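Predicted model only: the values in this text are computed from it and were never measured. Values reported hereafter were calculated over all heavy atoms of this structure, with side chains retained and with hydrogens, waters and symmetry mates removed. Every chain is numbered from 1 and lettered A, B, ... according to where its sequence line falls, protein lines coming before strand lines.
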Protein chains: 2
Amino acid sequence: MPLHLSLPMMKEPEFFESRENLFSHFSQYIRLSPALQADLADKIAIVHFRKGDTVHDTSRVCRESYFIRQGLLRTYYLKDGKEISEYFSAEAEWVNSPRSFMQQQLDIYSIDALENTEAYRLKVADLGYLFDHYPEMERYARLSMGSLFGHLIERITSLRFTSATEKYAHFCQAYAGLHHRIPLGMVASYLGIAQETLSRIRAR
Amino acid sequence: MPLHLSLPMMKEPEFFESRENLFSHFSQYIRLSPALQADLADKIAIVHFRKGDTVHDTSRVCRESYFIRQGLLRTYYLKDGKEISEYFSAEAEWVNSPRSFMQQQLDIYSIDALENTEAYRLKVADLGYLFDHYPEMERYARLSMGSLFGHLIERITSLRFTSATEKYAHFCQAYAGLHHRIPLGMVASYLGIAQETLSRIRAR
DNA sequence: CCCGCCATTTGACCCAGGTCAAATAATCAT
DNA sequence: ATGATTATTTGACCTGGGTCAAATGGCGGG
């Protein structure tokens with residue numbers, strides 16, 4: 001099934017505002033030279049997804065990464081015919097199918113949109129170009145990966161020795177404002193507990 | 001308590017052989033220029049730990065990273081007075097207390113040696129120097145982190161929906177030859193299951 | 001506004017694996 | 001070697017939370 005996405009159709013001012021969002025994100029990690037800024041602006045496109053759209057599926061190698069300007073995406077995979085949510089990504093986060101994108105091979109993860117979403121798209125080939133020409137992009141990648149690391153380790157800790165109730169509490173804190181926006185069943189599979197159990201916990 | 005480590009006291013030939021190990025590791029990811037090679041050789045020291053030694057403890061900020069030439073280290077933390085093993089690191093892996101090393105702040109993880117261990121030591125300040133002067137070091141960091149990522153995600157998957165038996169099977173496969181070298185109780189806490197349960201599983 | 005399809009809730013039942021306790025085996029230091 | 005300390009095994013018991021089933025609630029499309 002082909003990737004389903006609508007093309008940007010925005011007024012100029014809004015477009016500029018958008019770009020600055022991404023740029024200011026970069027600026028948290030590195031100093032953006034004018035040259036890099038220009039090259040980035042050239043490589044990055046804005047795309048829209050409608051709620052329910054498929055952003056990526058397992059039949060393809062993942063060749064693009066998305067930085068969410070607004071909206072909510074979900075990365076999931078199938079296990080015994082059921083969808084298991086791996087994680088959720090909201091504003092100011094990069095999303096792709098990690099191993100598929102990094103090693104350019106097929107992988108089990110699909111991505112879909114839980115809300116109408118507006119995102120910047122960067123193709124893997126363009127990212128490679130940026131890495132080759134701007135050492136500071138390498139640094140950006142290293143630094144931003146670093147903070148992800150902490151989250152993953154925390155999650156592993158939370159999965160191992162905590163009760164279902166504690167897992168949910170940790171989730172609410174880690175995904176702060178987001179947990180309202182995500183259907184209960186998906187939260188349950190993210191936490192590795194049964195939907196029914198989570199429903200009972202909520203009705204505490 | 002001060003860091004307990006013995007200084008290198010090696011014959012030259014062995015020393016050279018050691019360094020080449022690390023260099024060939026780097027070569028898997030980047031091309032090592034002679035200048036970088038020289039700088040690396042200058043910054044890196046060889047250290048030895050005896051079985052049971054503390055490599056890092058929670059009272060200090062982690063200011064060095066170790067690349068294991070031979071041996072086995074364990075990263076763990078205390079929960080309710082018990083040691084929970086976070087992960088094990090063997091030959092050809094970098095070890096530190098991740099958040100403490102990356103953000104230069106205190107964290108909950110300690111590291112000790114499960115076997116006599118010989119490792120290369122790189123100080124955080126020297127690593128910063130290398131990042132500042134050699135863009136290819138940034139690339140190395142990005143690429144080598146990438147492969148860690150896959151492992152962490154796999155582990156999260158394995159923790160969520162699998163029985164204790166499956167967790168142990170996954171562990172044996174992920175840590176291939178290593179599982180003989182690690183005490184049962186530590187494996188159990190790594191997997192998030194009770195020691196008694198793991199003992200029964202093994203006696204299948 | 002109504003219908004049909006999911007998502008969520010509620011109830012009943014059951015088992016994998018946790019806890020506590022005590023025996024046995026392995027390891028270490030003297 | 002030998003006793004002391006620590007790691008592993010074994011047994012008995014119990015509970016958190018999984019599974020299956022059925023009722024109820026919500027929402028998007030016509």
Rounded to whole angstrom units, what separation is found between the [atom1] atom of [X] and the [atom2] atom of [N]?
| X | N | atom1 | atom2 | result |
| --- | --- | --- | --- | --- |
| B:R181 | D:dA7 | CZ | C1' | 19 Å |
| A:H179 | C:dT8 | NE2 | P | 15 Å |
| A:D80 | D:dG18 | CG | C1' | 14 Å |
| B:K79 | C:dG18 | NZ | P | 13 Å |
| A:R202 | C:dT10 | CZ | C1' | 16 Å |
| A:I201 | D:dG18 | CD1 | C1' | 12 Å |
| A:L198 | C:dT9 | CG | P | 8 Å |
| B:I193 | D:dG17 | CD1 | P | 17 Å |

For [X] and [Y], take the angle between the two ring planes, folded into 0 to 90°, and tell me which bin it lands in: parallel under 30, tilted 30 to 60, perpendicular over 60.
| X | Y | result |
| --- | --- | --- |
| A:Y140 | A:H25 | perpendicular |
| B:F88 | B:Y190 | tilted |
| A:F26 | A:W94 | perpendicular |

Does a salt bridge link [X] with [Y], judged by any charged N lying under 4.0 Å from a carboxylate O?
| X | Y | result |
| --- | --- | --- |
| A:R181 | A:E91 | yes |
| A:E118 | A:R69 | yes |
| B:E138 | A:R142 | yes |

Would one find more than 12 heavy atoms of other residues, nucleotides or ligands at under 6.0 Å from atom CD of A:Q70?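 Incorrect, the count does not exceed 12.
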
Flag yes if more than 12 heavy atoms outside B:K79 fall under 6.0 Å of its NZ atom; otherwise flag no.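 Yes, enclosed.
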
If you define the side chain from C-beta out and look only at heavy atoms, does anything of A:C62 sit under 4.5 Å from A:D107?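 No, their side chains stay 4.5 Å or more apart.
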
Under 3.5 Å, which N/O atoms of the protein pair with N/O atoms of nucleotides 19-21 of chain D?
residue: D:dT19; atom: O4; partner: A:R200; partner atom: NH2; Å: 3.4
residue: D:dC20; atom: N4; partner: A:E196; partner atom: OE2; Å: 3.2

Please compare B:S199 and A:Q195 by the position of their nearest nucleotide in DNA chain D and report the one closer to 5'.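 Result: B:S199.
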
For every nucleotide of nucleotides 25-30 of chain C, 5' to 3': is a protein heavy atom under 4.0 Å from its base (B), only from its sugar-phosphate (S), or from neither (-)? ---S--

